[in-house]
Visitor: 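Structure below; questions to follow.
Below, each value reflects all heavy atoms present in this structure, side chains not excepted, and no hydrogens, waters or symmetry copies.
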Amino acid sequence: MTRKHGNEDDQVKDLENGNVYFFYRPRVGDEEPESVAEIQRLYMVLSPHGKQRYRLMVIGHKKLPDPSRSGQGRLWGFVDQVTDDPKAIERDLQAHRYSTKTRGEQVLPAARPAGEGVYRIIRHDSHTHLVYALELPEEPDEVQEALNIEAEANYILSIKNPAKPSSRGTGFAGQKAAKYPQRLMQMFRDRQFSEADPIDLLDYPHAQFMMIAVAEDVSDDLGIELHPQYETEATAEIINDLKMEKSKHPLEPLFEGKWA
């Protein structure tokens with residue numbers, strides 16, 4: 001749907017909407033983390049409505065961009081996995097055991113769910129935005145504050161051209177690049193970054209993206225409304241949609257906002 005917003009040249013076009021889930025994984029040896037320094041990764045999962053698709057995405061610097069730094073709070077990330085099987089995401093987020101020559105058996109702790117909400121990816125003039133509103137936890141607390149998971153947020157979302165070298169400080173150095181078909185490579189038009197339009201640009205493993213915080217209120221800035229629903233443990237989509245085994249993931253961060 002394309003709709004007018006403000007003047008005649010200012011338009012908003014819906015590209016995708018669905019459920020968004022956030023997880024953090026503690027570092028090896030930090031089974032009960034209490035800060036960002038003690039976690040290994042922050043994940044964001046996008047589960048679009050109307051598609052049997054799940055994108056597991058890694059957020060750089062282990063936190064979302066600071067929404068108070070409009071235009072300056074920017075972070076990179078990459079798509080780790082794209083699948084039609086939610087159990088594949090759940091398996092990735094469980095604990096893993098592995099052996100090393102120097103330290104013996106090590107345990108990579110299971111990821112902790114840290115937020116559930118609804119999201120929309122929209123085109124607004126020459127930019128694409130990722131916006132979301134939390135449903136869980138009902139009252140964001142210390143975990144969400146540390147990870148910059150706001151009750152509602154608005155980010156400009158850009159996709160990196162895999163054929164271009166990474167700029168210093170972007171965080172893409174050393175990362176694998178997505179292998180896009182020619183029809184999608186043409187969308188970059190020899191630019192460093194492209195808008196996330198078409199949305200297919202996010203459907204390839206190793207797709208690299210940049211998120212830039214936009215401090216304005218979503219409804220004021222874009223003229224759209226998000227409609228989060230009240231959720232409980234019985235109705236939480238993060239559990240039901242991802243077929244999450246609750247016994248393997250501490251739930252305090254999701255429902256209470258507390259470290260676990």
Side-chain angles (χ1 to χ4, degrees), residues 18-49 51-60 62-64 77-100 103-119 132-151 205 228-260:
N19 296 320
V20 58
Y21 314 122
F22 297 101
F23 292 84
Y24 67 90
R25 188 190 294 279
R27 297 189 314 178
V28 173
D30 286 315
E31 286 285 352
E32 298 181 357
E34 295 183 347
S35 70
V36 172
E38 296 173 331
I39 71 173
Q40 183 192 65
R41 276 186 168 176
L42 174 65
Y43 299 97
M44 178 172 67
V45 178
L46 298 184
S47 173
H49 292 157
K51 302 177 184 178
Q52 186 67 19
R53 186 167 301 153
Y54 302 87
R55 305 184 190 101
L56 179 63
M57 307 163 80
V58 176
I59 306 298
K62 302 180 289 187
K63 60 172 64 177
L64 291 172
F78 66 91
V79 177
D80 189 49
Q81 181 182 171
V82 181
T83 180
D84 61 1
D85 182 5
K87 293 182 180 179
I89 301 293
E90 162 64 6
R91 285 193 295 269
D92 260 14
L93 296 176
Q94 288 181 5
H96 296 283
R97 294 181 180 273
Y98 62 97
S99 297
T100 67
R103 297 185 179 182
E105 186 175 81
Q106 299 287 301
V107 178
L108 184 62
R112 279 68 164 146
E116 172 189 316
V118 291
Y119 79 92
Y132 76 82
L134 280 188
E135 296 174 324
L136 291 171
E138 188 176 359
E139 296 291 338
D141 207 319
E142 57 186 11
V143 169
Q144 290 73 35
E145 181 178 355
L147 302 177
N148 286 338
I149 301 174
E150 298 286 311
Q229 305 293 317
Y230 173 74
E231 299 286 1
T232 66
E233 185 171 338
T235 64
E237 291 292 344
I238 196 170
I239 296 172
N240 299 320
D241 188 17
L242 294 183
K243 315 301 182 189
M244 198 171 78
E245 296 184 45
K246 294 186 288 184
S247 63
K248 297 184 177 181
H249 302 275
L251 298 180
E252 290 90 344
L254 179 65
F255 293 104
E256 301 172 16
K258 303 297 184 183
W259 291 106

Visitor: Atom CZ of R97 and atom CG of L108: how far apart are they, to the nearest 0.5 Å?
Guide: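 These two atoms lie 11.0 Å from each other.
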Visitor: Can you give me the closest heavy-atom contact between A146 and K63, atom names plus distance?
Guide: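 Looking at all heavy atoms of both residues, the shortest contact is O-CE, 3.7 Å.
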Visitor: Hey, are the side chains of P137 and F255 touching, using non-hydrogen atoms and a 4.5 Å cut-off?
Guide: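 No, every pair of side-chain atoms sits at 4.5 Å or beyond.
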Visitor: Going by distance alone, is a donor N or O of one side chain under 3.5 Å from an acceptor N or O of the other, for E116 and N19?
Guide: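 No, because no side-chain N or O of E116 sits under 3.5 Å from a partner of the opposite role on N19.
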Visitor: Flag the pair Y43 / L93 as yes when at least one side-chain heavy-atom distance between them is below 4.5 Å, and no otherwise.
Guide: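 The answer is yes, as the side chains (C-beta and beyond) meet within the 4.5 Å cut-off.
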Visitor: Compare every heavy atom of F22 with every heavy atom of I238, then report the nearest pair and how far apart it is.
Guide: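 That would be CD1-O, 4.2 Å.
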Visitor: Calculate, to the nearest 0.5 Å, the distance between atoms CG and CZ belonging to D92 and R25 respectively.
Guide: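 Interatomic distance, D92 CG to R25 CZ, rounded to 0.5 Å: 7.5 Å.
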Visitor: Using a cut-off of 6.0 Å, state whether more than 12 heavy atoms not belonging to Q94 lie near its atom CD.
Guide: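 Enclosed.
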Visitor: Quick test of your reading of the model: are R112 and E252 salt-bridged, counting only N-O distances below 4.0 Å?
Guide: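 Looking at R112 and E252, the cut-off is not met.
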Visitor: If you round to the nearest 0.5 Å, how far is OG1 of T83 from CZ of R55?
Guide: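 Result: 12.0 Å between the selected atoms.
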Visitor: Distance alone, cut at 3.5 Å: any donor-acceptor contact between the side chains of D241 and S47?
Guide: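 The criterion, which ignores hydrogens and geometry beyond distance, is satisfied for S47 and D241.
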Visitor: Could you check if a side-chain atom of R41 sits within less than 4.5 angstrom of a side-chain atom of F23, using non-hydrogen atoms only?
Guide: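 Counting from C-beta outward, R41 and F23 never come under 4.5 Å.
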Visitor: Identify, with sequence neighbours excluded, every residue that meets side chain to side chain contact (heavy atoms under 4.5 Å, CB included) alongside E150.
Guide: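 For E150 the side chain to side chain contact (heavy atoms under 4.5 Å, CB included) partners, ignoring immediate neighbours, are P67, Y132, A153.
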Visitor: With sequence neighbours excluded, what pairs up with K87 under the side chain to side chain donor-acceptor pair (under 3.5 Å) test?
Guide: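 Applying side chain to side chain donor-acceptor pair (under 3.5 Å) to K87 gives none.
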Visitor: What I want to find out is whether D141 reaches K258 closely enough, with some N-O distance under 4.0 Å, to be called a salt bridge.
Guide: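 Yes.
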Visitor: Can you confirm whether more than 12 heavy atoms, excluding those of Q106, are under 6.0 Å from its CD atom?
Guide: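 Enclosed.
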Visitor: Kindly indicate whether the side chain of Y230, heavy atoms from C-beta on, has any atom under 4.5 Å from the side chain of E138.
Guide: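 Y230 reaches E138 side chain to side chain.
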Visitor: Between L134 and P140, which heavy-atom pair has the shortest distance, and what is it?
Guide: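 Closest pair (atom of L134, atom of P140, distance): CD1-CG, 4.1 Å.
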Visitor: Taking side chain as C-beta onward, heavy atoms only, is K246 less than 4.5 Å from I239?
Guide: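 With C-beta onward as the side chain, the pair touches.
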Visitor: Just verifying a value: how many Å separate D30 CG and E38 CD, rounded to the nearest 0.5 Å?
Guide: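 Taking CG in D30 and CD in E38, the distance rounds to 4.5 Å.
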Visitor: Mind checking whether V82 and R53 have side chains closer than 4.5 Å, heavy atoms only?
Guide: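 A side-chain contact exists here, since the closest heavy-atom pair is under 4.5 Å.
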Visitor: Testing the basics here: between A114 and L147, what is the closest heavy-atom pair and its distance to 0.1 Å?
Guide: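 Of all heavy-atom pairs spanning A114 and L147, the closest is CB-CD1, 4.3 Å.
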Visitor: Looking at side-chain heavy atoms only, is the closest gap between Q52 and P86 below 4.5 Å?
Guide: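 Q52 reaches P86 side chain to side chain.
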Visitor: Could you go through the side-chain contact (heavy atoms from CB on, under 4.5 Å) check for L56 and V79 one step at a time?
Guide: CA-CA 6 Å; L56 179 63; V79 177; over 6 Å; no
Visitor: What distance separates E135 CD from T232 OG1, expressed to the nearest 0.5 Å?
Guide: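 The OG1 atom of T232 is 11.0 Å from CD of E135, to the nearest 0.5 Å.
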Visitor: Any side-chain heavy-atom pair from Y24 and P33 closer than 4.5 angstrom?
Guide: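 They are in contact (side-chain heavy atoms under 4.5 Å apart), so the answer is yes.
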Visitor: Please give me the minimum heavy-atom distance between L46 and V20, naming the atom from each residue.
Guide: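 Scanning both residues completely, I find the closest heavy atoms to be CD2-CG2, 3.8 Å.
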Visitor: How about NZ on K243, more than 12 heavy atoms from neighbouring residues, nucleotides or ligands closer than 6.0 Å, or not?
Guide: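 Check fails, neighbour count at 12 or below.
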Visitor: Atom OG1 of T235 and atom CD of Q229: how far apart are they, to the nearest 0.5 Å?
Guide: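 If I round to the nearest 0.5 Å, the distance is 9.5 Å.
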Visitor: Are H249 and E90 close enough that a side-chain donor and a side-chain acceptor fall under 3.5 Å?
Guide: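 Checked: H249/E90 side chains pair up, N/O donor to acceptor below 3.5 Å.
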Visitor: So which atom in W259 and which in V36 form the shortest heavy-atom distance, rounded to 0.1 Å?
Guide: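 Residues W259 and V36, closest heavy atoms: CH2-N, 4.2 Å.
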Visitor: Should we count CD of Q40 as having more than 12 external heavy atoms under 6.0 Å?
Guide: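 Count over threshold, so yes.
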